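Computed from a predicted structure; not experimentally measured. Count residues from 1 along the sequence.
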Amino acid sequence: PDLFASVANYFVANGWQKGEPVAVRAVHDPATIAFAPDDFTPKYSLADLEEKGYKPKVSLGRPMNASLLSLEGANGTEDWIVFQNFYAITRYNRSPMYAMAVYQLAEAIAGKDPDNLAP
């Protein structure tokens, strides 16, 4: 219990927002040039990302700030829109692979499909 509380406190101290999303799968318009932000700071509006050719696979229902993560998956490139909570996880461990693994494991434990989540 102390371990989980310690990590949770660390996340909160680094901007974790209870009830907010971590990441959602993005759909990339192949007619646009691939975009690779410098970091995972959620400094782009969803409208900014859509102008760059990326939109959430599921409706988020409201404007939010985010960043973009592209990973090589088993079936090719996976594009993800990542939010403040993803950024908070990367403050604990800077690896985007680690942060995505934490997110996907948590969703699997909760019985959710991380590819089709809306907050």
Side-chain angles (χ1 to χ4, degrees):
D2 288 343
L3 171 70
F4 293 116
S6 178
V7 171
N9 285 332
Y10 188 89
F11 283 177
V12 168
N14 283 279
W16 184 268
Q17 298 172 343
K18 184 177 180 180
E20 294 298 319
V22 175
V24 295
R25 185 72 75 126
V27 177
H28 178 226
D29 178 355
T32 62
I33 297 172
F35 172 61
D38 295 335
D39 62 25
F40 305 112
T41 304
K43 58 187 169 190
Y44 305 97
S45 69
L46 292 175
D48 292 338
L49 293 176
E50 191 165 348
E51 286 178 14
K52 296 178 183 309
Y54 298 88
K55 64 181 181 177
K57 183 177 177 182
V58 295
S59 174
L60 297 171
R62 62 189 161 91
M64 301 177 75
N65 282 348
S67 191
L68 184 74
L69 170 65
S70 294
L71 298 170
E72 287 306 314
N75 298 316
T77 302
E78 296 179 3
D79 295 308
W80 294 85
I81 294 175
V82 296
F83 302 97
Q84 175 61 38
N85 287 344
F86 185 88
Y87 180 76
I89 296 169
T90 66
R91 301 306 84 202
Y92 182 77
N93 182 318
R94 297 203 187 283
S95 167
M97 299 286 284
Y98 172 85
M100 186 56 71
V102 166
Y103 164 66
Q104 290 180 332
L105 178 61
E107 295 306 297
I109 290 169
K112 298 177 182 175
D113 178 0
D115 278 354
N116 294 306
L117 293 178

Engineer: Would one find more than 12 heavy atoms of other residues, nucleotides or ligands at under 6.0 Å from atom CZ of Phe35?
Structural biologist: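 More than 12 heavy atoms, drawn from other residues, nucleotides or ligands, come within 6.0 Å of this atom.
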Engineer: Where is the tightest heavy-atom contact between Pro21 and Arg62, given as atom of each residue plus distance?
Structural biologist: CD-NH2, 4.4 Å
Engineer: If you take all heavy atoms of Leu69 and Met100, which pair is closest and at what distance?
Structural biologist: CD2-CE, 3.8 Å
Engineer: Under 3.5 Å, is there a donor on one side chain and an acceptor on the other for Ser45 and Asp48?
Structural biologist: yes
Engineer: Side-chain heavy atoms nearer than 4.5 Å, only ILVMFWY residues, links allowed to pass through others: does that put Trp16 and Val7 together?
Structural biologist: yes
Engineer: Are Tyr103 and Ile109 connected into the same hydrophobic cluster when the rule is that any two of I, L, V, M, F, W, Y join if their side-chain heavy atoms are below 4.5 Å apart?
Structural biologist: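 Looking at the clustering, Tyr103 is in a separate group from Ile109.
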Engineer: Counting only N and O atoms by type, is there a donor-acceptor contact under 3.5 Å from the side chain of Ser67 to the main-chain atoms of Asp39?
Structural biologist: yes
Engineer: Can you give me the closest heavy-atom contact between Gln84 and Asn14, atom names plus distance?
Structural biologist: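 In terms of heavy atoms, the two residues are closest at NE2-O, 3.5 Å.
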Engineer: Do Leu105 and Met97 belong to the same hydrophobic cluster, where Ile, Leu, Val, Met, Phe, Trp and Tyr are linked whenever their side-chain heavy atoms lie under 4.5 Å apart, directly or via other members?
Structural biologist: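 No, because Leu105 and Met97 fall into different hydrophobic clusters, even though each may have its own neighbours under 4.5 Å.
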Engineer: For the CD atom of Glu20 and the CE atom of Met64, what is their distance to the nearest 0.5 Å?
Structural biologist: 4.5 Å
Engineer: Looking at every heavy atom in both Gly53 and Thr32, which two are closest together, and how far apart are they?
Structural biologist: CA-OG1, 3.5 Å
Engineer: Report the C-alpha separation of Tyr10 and Ile89 in whole Å, then their side-chain angles, then the decisive distance to 0.1 Å, and conclude whether the side-chain contact (heavy atoms from CB on, under 4.5 Å) test is met.
Structural biologist: CA-CA 9 Å; Tyr10 188 89; Ile89 296 169; over 6 Å; no
Engineer: What are the two closest heavy atoms between Phe86 and Pro96, and how far apart are they?
Structural biologist: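 Nearest heavy atoms, Phe86 then Pro96: CZ-O, 3.8 Å.
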Engineer: Is it possible for you to say whether Ile33 and Val27 belong to one hydrophobic cluster, with membership spreading through side-chain heavy-atom contacts below 4.5 Å?
Structural biologist: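 No; tracing contacts between hydrophobic side chains, which count when under 4.5 Å, never links both residues.
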Engineer: Could you give the distance from CG (Asp79) to CZ (Arg25), rounded to the nearest 0.5 Å?
Structural biologist: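 Rounded to the nearest 0.5 Å, the CG-CZ separation comes to 8.5 Å.
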Engineer: Please report the interatomic distance OG1(Thr77) to CG(Leu71), rounded to the nearest 0.5 Å.
Structural biologist: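 So the gap between those two atoms works out to 9.0 Å.
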Engineer: Hey, do the aromatic rings of Tyr54 and Tyr44 have their centres closer than 6.0 Å?
Structural biologist: no
Engineer: Please report the shortest heavy-atom distance between Leu68 and Val82, naming the atom on each side.
Structural biologist: N-CG2, 4.1 Å
Engineer: Rounded to the nearest 0.5 Å, what separates atom CZ in Phe83 from atom CG in Leu60?
Structural biologist: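 If I round to the nearest 0.5 Å, the distance is 4.5 Å.
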Engineer: So is Arg94 actually on top of Tyr98's ring, under 6.0 Å and inside 45° of the axis?
Structural biologist: no
Engineer: Measuring from atom CG of Asn85 to atom NZ of Lys18, what distance do you get when rounded to the nearest 0.5 angstrom?
Structural biologist: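 Answer rounded to 0.5 Å: 12.0 Å.
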